[in-house]
Engineer: 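I am attaching a structure below and will ask some questions about it afterwards.
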Amino acid sequence: MDPPGSSSDNESVETVEDSLSDKEKDDEEIDNMSQGPSTGENVVQKISQNSKEGESGSVVVKDTNNIDKPKAYGNSQLDPEVGMVFHSEDQAYVFYNRYAHLKGFSVRKGHLGRRKDGSIRNRVFLCSNEGSRQKHSTHMTKKPREAVRTNCMARIEYKVSRDNVWIVSKIIYEHNHPLVRPHKAHLLRSHRKLLAQHDGMQNVAEMGDDADKPAQALEFLVEEDRDAETVGFLLKDQSSYLHTNRMRELEKGDAHVLLEFLKAKQLEDPSFFYAIQLDDREQVTNFFWADARSILDFSYFGDVVLFDTTYRTNKGEIPFAPFIGINHHKQIVVFGAALLLDETTESFVWLFKTFMVAMSGRQPKTIFTDHFPALSRAVSLTLPETCHHLCLWHILQNSAIHISHVYSSEPNFQKDFKNCIYESGSEEDFHTRWANLVNMYGLAGNAWLEDLYAVREKWALVYHKNSFCASMTTVKWSESMKNHFKKNFNRKLPLSKFLEQHQKSLFRFREKELYEDYKSRQTKPVLLVDMPMLNEAAESYTRLVYNEFEDEIKSQLSCLCEQVGFDGNIEVYKVSIPEKHSYGIVEYNPSNFMVTCSCKKFETTGILCMHALKVLLFRSILSLPSRYILKRWTKYANVEAMSDRHRPVADTDGQEPLTSQYTRVCHKAITIAVKSAFSEDALQIFENELDKLMLEVENVLHIAPLSRQTDEEDVTVIDDMQQNAFEGSKKRRGRKGRPKGGLEQKRSKKTQPTSSSVDIVSQNQQSQNKTKTGMYF
């Protein structure tokens, strides 16, 4: 039986005449190899010696009959060598596949040579990128998959004796393609595996009454191991094999459950941010929280935000409101979440201000919300630099409630209504479509539709041409939101279960992003034609964004382009599609290759439209100008040395205050830690460098405790910092930290920006709401 992840389809079988000379040649060759400097006995001795020395990061192997699992990634791994001996095909394959896992490539079975009696004579295991894709002999593939094979020659070859002794005869180490980082190695084909009974797996009958779908069956395994890399499979690999039930409900009060959840998350993640709002009677009113990964994601993709108040928890109908964005793969990404017991303007003002504090004051370019007056007022008060639009997906959901009688009696209404609100075009076209829809279905005088039409500039696409919306105004986005809601929050769950479901959905989003990062960086799409513009797009864009760009290239083929005028140095073109009776007016500046189109697709989505591409190609501009490749749509949108959102701020003396510098350095350190959280190697490097840095810092502190004059507030901050570091080191040694003294509590009140409790609610609010917050990193 083949080891997991292998494919017998890729084997080639060789039949050899079993003559006496062949047998003597085989035996002689194997004997010569066995007598070399790397015999099986020597290999076992070498391995045993390494295991006895107990070096950090080495592969621990007892003998070639029982190869132990690598204990850690490191530089002192046991690489395959010519002359190594194994006693079965499985053993030989598992050894090379584990080596491949450490290095970051996938293994595929290659050439298989057999003797006349059927016994194996030689065997080759290859890098899965070996070879190249062959054209189909009978037909053309309509949409080929991404190219993976790169003619990589890395391999290991075995000679096999008649006693089934496998001896390494040849190794090629070098690869001609990028290798995968260890935290993504589980995504490679030969390193995936279907899991048998898990030690901690509960019986189905013991886990609850409500069964989850198969696609959600193994989430508890991932939660136990904390990492899909450790589990060793993708959730979709197991969707048809295992089933599980929901966990038991916690019998605690909702407030207690939520506070325990927030405290547990902050213990698990020191940079976890949370805030609680109290009303004037000291009653808990609203909650907000965001983990470090969400805050980091906002720094990459926080240009467009959807504030979604659709979800409700338990029978109390408590609104659960996540802040949602869209990443470079056009997937859902979550920036934070809130539980709102009060939906007044004051509560939303508190929430948006708290959200801005967590995100270091950076306002999004555009925010989408539901049609709710209190929300609109809060956005205008707290986010003055942000364009506020109404979410089309919310409008669709609300239409099914407010005009349900039309939905039930007219089967085509939903399709017509969706076409009306999602199609762009001119303002005149929009008015015509709306009037036709109202007349066709007899909706004149409907209060909800009239109210919606009155605020059309907040949601109609024709009015959004100057604001960046990513893909949040497309039908595809609406479908993804609908699927997300249906899959995760289709029932009113108790608060404890709701929070658990939210955490699982966060993990799924991040696992999907990791997988798409891997696919985008390790594969290359098959180009429509070989042209520089498509090559540059394929190298830069993620898979999905490249497909959309390629669609625009295809669409421009059916466009007609004619120059219609000049405006100084600006050339004006009309690009039209005759069969659709539509056109775009494109302005082109030949001095700097700038193009702007009347459809404003680039301004709203960040991808050049077919009209602009037609003009560039018409003017023989075959390369894509770099200004039209937005980083937020590229493969490395979430890869950055450091964010510039915490730049040094000098005071009147031209120096940066220590408080500001301390905050900035904390943000940098936490950003590196969050980025390293998905890789054991990266965390090890980070920790080692921190240890070295600590020694250097201690030496500097012993020489000059304070490098410059500091005011009283800076001294207080430094004192608190040193005390916190002292307490943290004691906790790491297993000792209890001392309780905070009265003097320190007094200092905390004096230095509000560095304390753990901040009142950020406006003084003129009638409710005089109070706020308690967690850490701000």
Side-chain angles (χ1 to χ4, degrees), residues 222-223 226-227 254-278 284 286-302 305 320-325 333-340 350-362 495-496 498-511 513 638 643 645-646 662-678 683 686 720-721 724-725 727-728 731-732 737 740 748 753-758 760 771-777:
V222 177
E223 296 239 336
R226 295 314 233 179
D227 198 344
D254 285 350
H256 179 74
V257 168
L258 186 55
L259 290 173
E260 289 297 315
F261 166 78
L262 296 174
K263 289 192 293 184
K265 293 301 294 182
Q266 194 167 61
L267 285 175
E268 177 185 322
D269 176 9
S271 55
F272 182 83
F273 176 100
Y274 74 89
I276 302 172
Q277 183 186 31
L278 306 179
V284 172
N286 299 309
F287 301 82
F288 170 79
W289 66 90
D291 62 15
R293 172 66 185 272
S294 294
I295 297 172
L296 187 61
D297 284 338
F298 183 84
S299 68
Y300 300 134
F301 310 114
V305 173
F320 173 78
F323 290 85
I324 295 174
V333 59
V334 179
F335 302 137
L339 269 178
L340 303 172
W350 171 85
L351 179 59
F352 292 146
K353 284 186 175 181
T354 304
F355 180 71
M356 287 296 95
V357 170
M359 305 305 162
S360 302
R362 176 189 169 189
L495 182 58
S496 59
F498 197 96
L499 294 172
E500 177 189 332
Q501 195 72 5
H502 172 62
Q503 290 301 113
K504 288 182 178 180
S505 66
L506 276 182
F507 176 84
R508 281 195 293 269
F509 293 149
R510 291 164 184 176
E511 178 67 13
E513 180 179 330
N638 57 353
S643 175
R645 56 196 174 101
H646 298 292
Y662 167 68
T663 302
R664 179 167 52 82
V665 171
C666 283
H667 278 284
K668 283 186 177 183
I670 290 171
T671 300
I672 299 174
V674 172
K675 282 178 170 289
S676 306
F678 300 94
L683 277 176
F686 185 40
D720 289 341
M721 290 160 48
N724 290 338
E727 291 179 6
K731 289 179 181 178
R732 286 193 295 271
K740 202 169 186 180
S748 297
T754 60
S755 72
S756 61
S757 180
V758 180
I760 61 171
T771 303
K772 294 183 179 180
T773 68
M775 297 185 68
Y776 287 150
F777 303 128

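Treat the numbers as computed from the prediction; the structure is a model and nothing was measured.
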Engineer: Is the shortest side-chain heavy-atom distance between L259 and H256 below 4.5 Å?
Structural biologist: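 No. Closest side-chain heavy atoms not under 4.5 Å.
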Engineer: Would you please name every residue forming a ring-ring contact (aromatic ring centres under 6.0 Å, His included) with F261, sequence neighbours left out?
Structural biologist: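 W289.
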Engineer: N638 versus L296: any side-chain heavy-atom pair under 4.5 Å?
Structural biologist: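 Counting from C-beta outward, N638 and L296 never come under 4.5 Å.
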Engineer: When you measure from the side chain of D291 to the backbone N and O of F273, does any donor-acceptor pair fall under 3.5 Å?
Structural biologist: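 Absent.
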Engineer: Please determine whether side chain to side chain contact (heavy atoms under 4.5 Å, CB included) holds for the pair L506 and H502, giving the CA-CA distance in whole Å, both sets of side-chain angles, and the decisive distance to 0.1 Å.
Structural biologist: CA-CA 6 Å; L506 276 182; H502 172 62; 3.9 Å; yes
Engineer: Do L258 and L495 make a side-chain contact, defined as non-hydrogen atoms from C-beta onward lying under 4.5 Å apart?
Structural biologist: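 Yes - at least one pair of side-chain heavy atoms lies under 4.5 Å apart.
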Engineer: Provide the closest heavy-atom pair for G336 versus A290 in the form atom of the first, atom of the second, distance.
Structural biologist: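 That closest heavy-atom pairing would be CA-CB, 4.0 Å.
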Engineer: Determine, for R510 against E513, whether the closest basic-nitrogen to carboxylate-oxygen distance falls under 4.0 angstrom.
Structural biologist: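 Looking at R510 and E513, the cut-off is not met.
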Engineer: Kindly compute the distance separating NZ (K265) from CG (L499), expressed to the nearest 0.5 Å.
Structural biologist: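 Reported value, rounded in 0.5 Å steps: 10.5 Å.
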Engineer: Holding to ring-ring contact (aromatic ring centres under 6.0 Å, His included), I want the full list of residues that pass it with F686, two or more places apart in sequence or in another chain.
Structural biologist: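 Testing F686 for ring-ring contact (aromatic ring centres under 6.0 Å, His included), a comparison that skips the adjacent residues, returns none.
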Engineer: Does the side chain of F320 reach to within under 4.5 Å of the side chain of L340, using non-hydrogen atoms?
Structural biologist: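 No, too far: nothing below the 4.5 Å cut-off.
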Engineer: Answer whether the closest heavy-atom distance between the side chains of F355 and F288 falls below 4.5 Å.
Structural biologist: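 Sidechains of F288 and F355: in contact.
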Engineer: If the condition is ring-ring contact (aromatic ring centres under 6.0 Å, His included), which residues does F352 pass it with, not counting sequence neighbours?
Structural biologist: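 Only F307 meet the ring-ring contact (aromatic ring centres under 6.0 Å, His included) criterion with F352.
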Engineer: Please check this pair: side chain of T354 against backbone of W350, looking for a donor-acceptor N/O pair closer than 3.5 Å.
Structural biologist: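 Present.
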Engineer: Are the side chains of Q277 and L351 in touch, meaning some heavy atoms are under 4.5 Å apart?
Structural biologist: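 Counting from C-beta outward, Q277 and L351 never come under 4.5 Å.
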Engineer: Report the distance from atom CZ of F335 to atom CD1 of I295, rounding to the nearest 0.5 Å.
Structural biologist: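 Rounded to the nearest 0.5 Å, the CZ-CD1 separation comes to 11.5 Å.
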Engineer: Under a 4.5 Å cut-off applied to non-hydrogen side-chain atoms, are V305 and F298 in contact?
Structural biologist: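 Yes, side chains in contact.
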Engineer: Under the side chain to side chain donor-acceptor pair (under 3.5 Å) rule, collect the residues that match up with D297, sequence neighbours excluded.
Structural biologist: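 If we apply the side chain to side chain donor-acceptor pair (under 3.5 Å) test to D297, skipping adjacent residues, the hits are R293.
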Engineer: Is the closest side-chain heavy-atom distance between V334 and F509 below 4.5 Å?
Structural biologist: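 In short, these two side chains touch, coming nearer than 4.5 Å.
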Engineer: Ignoring hydrogens and angles, tell me if any N or O in the side chain of R362 forms a donor-acceptor pair with the backbone of S299 under 3.5 Å.
Structural biologist: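 Pair found, side chain donor or acceptor close to backbone of S299.
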